[in-house]
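The structure appears right after this line, and notes come after that.
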Amino acid sequence: MDTFVIEGGRRLSGTLRINGSKNAALPLLVAALLTDEPVTLRDVPDLADIRNMVRLLGELGCERIAAPDPSVLTLKVHDATQSHARYDIVCTMRASISALGPLLAKRGYAKVSMPGGCAIGERPVDLHLRGLRALGADITLSGGDIVARAPRGRLQGAKMFLGGQFGSTVLGTANVMSAATLAVGTTVIESAACEPEIVDLANLLNSMGARVTGAGSPRITIQGVDALRGADHTVIPDRIEAGTLMCAAAITNGDLVLENCPLDALMAAREVLSAAGVHIAELGHRVAADPMRVSCRVTCDRVLKPAEFTTQPHPGFPTDLQAQFMALLTLADGNSIITERVFPERFLHVAELSRMGARLLRQGATVVVQGVRQLVGAPVMASDLRASAGLVLAGMAAQGTTIVHRVYHLDRGYEKLEHRLCAVGARITRIDDKDLPAADA
Ligand code: UD1
């Protein structure tokens, strides 16, 4: 299994481009199931989750048309008879659940293995099912699979409330919104997720001929159409990668220019960075047509200040940046308070950061971070994608060597992260853990 060996204490400086968003690209890829024509996506990151999704779509009869540029993916349905998303793929990637709505809407039938829990918590799909049932789907659970049928082959538009105990659901909104594009009549989703990835999906669906309005607000209206066509679409840049690299600049006292950066999608995170003494300066004039893609320079004060934040659905502070910001605030001069309101159990990185000398006190869904002067390198275990990113940040700031085991979690969401960080001054080596000295293995 791959492991990172990180030599800490090196200041980052230089320019990095933000890649296309993983979480936007996954439901965009699935939208190819909604049409018989080819769908082309540009700036798709090269990640394990994306490859798994393309594999799943292949099993569902959607073939990839080869292109010379690996970041361009063209998919086209050639066989609409396969509607079973099997457990062995679904268990590698929860986002497979996004195939349920499009399959049901286009083929009238879907069988998708029920995703299990994962390191960040239980992660139910009840809201996905509630929304699809509201569209008239008949849904049962059989042998661990969700089996869904549209009566007489077609879903019916409906008005529904899609909020749950923890607020809106991102992939649930994507599922229902995608399914409703081919339903008979009008669908209104109240308490829809407002994430930029939902806006990106609505933009693709509209360019395929769908009639979606209100995406980005809690009320999305979809007027069903009879068929969708192919489209050519560029994926939005990854706000979580951007936020992670902002933390990388800050935690190393560095100076990074981030190009293709979706600053408008990071307002809550920017507030916290600003409170901590991290400066983000927009460079040049915005291209009016595309405020999601700017260049900015990230620098910080020598001593970070403490800060407080609570994760919430967008436009609140993103849960996917909680671990990275916790790593950053371990070095602030004072006490910070972090509360997790989206996945209250998402704290596996707390114990690992503590191994590096961080002072963290967890009480339920809140962690008090007592800033320390220095982190110390140690062997640590990556537990989930974003927690791994937090450990890499901590390792870059720590004194000495940090060994991050199980970086396959990180590879699910960050394309060649170590190469990019090394290009701006980090010292990170990827090795097979079989090659580690026995004491560190
Ligand atoms: C997506 C993101 C993930 C991010 C999360 C929250 C993708 C591929 N993944 O996951 O990186 O951390 O949004 O921003 O885009 N919930 C229910 N019932 C449901 C669905 C969700 O109770 O049917 C709960 C969840 O347990 C969680 C909250 O709602 O507490 C939000 O989850 P949700 O927005 O659905 O997360 P995902 O879309 O799975």
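We use all heavy atoms of the structure for the numbers below, so side chains are in, but hydrogens, waters and symmetry mates are not. Both ligands and their constituent atoms are indexed starting at 1 by order of listing.
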A student checking ligand 1 against R346 at a 4.0 Å heavy-atom cut-off should list atoms 12 (O)

Nearest option to atom 12 (O) of ligand 1, as decided by whichever heavy atom of D384, D320, V342 sits closest = D320

Any E340 heavy atom less than 4.0 Å from ligand 1 = no

Flag the pair F317 / F325 as yes when their ring centroid distance falls below 6.0 Å, and as no otherwise.
-> yes

Got an N/O contact under 3.5 Å between L127 and ligand 1?
-> yes

Within a distance under 4.0 Å of any heavy atom of H128, pick out the atoms of ligand 1 and give their elements.
-> 23 (O)

The complete set of side chain to side chain donor-acceptor pair (under 3.5 Å) pairs with one or both residues in residues 31-43, sequence neighbours excluded, reads R17-D43, D36-K106, T40-T74, R42-D232

Polar atom proximity, R94 to ligand 1 (N or O, under 3.5 Å) = no

Would R149 and D138 pass as an ion pair if we require N to O under 4.0 Å?
-> no

For T319, counting its heavy atoms only, list the atoms of ligand 1 lying under 4.0 Å from any of them.
-> 6 (C), 12 (O), 14 (O)

Modelled atom types, side-chain donor and acceptor of H349 and D384, under 3.5 Å | no

Looking at residues at least two apart in the chain, or sitting in another chain, which of them share a side-chain contact (heavy atoms from CB on, under 4.5 Å) with V170?
-> A193, E195, I198

Based purely on interatomic distance, does L171 place a nitrogen or oxygen under 3.5 Å from a nitrogen or oxygen of ligand 1?
-> yes

Do the charged groups of E415 and R51 touch, with an N to O distance under 4.0 Å?
-> no

D126 to ligand 1: N or O pair under 3.5 Å?
-> yes

Would you call R346-E340 a salt bridge at under 4.0 Å N-O?
-> no

Kindly indicate, with the supporting measurements, whether the criterion side chain to side chain donor-acceptor pair (under 3.5 Å) is fulfilled by T244 and Q324.
-> CA-CA 6 Å; T244 305; Q324 300 89 317; 3.2 Å; yes

Does ligand 1 have an atom that lies less than 4.0 angstrom from a heavy atom of G164?
-> no

Would you say V170 and ligand 1 have an N/O pair spaced under 3.5 Å apart?
-> yes

Look only at interatomic distance and state if E195 has a nitrogen or oxygen under 3.5 Å from any nitrogen or oxygen of ligand 1.
-> no

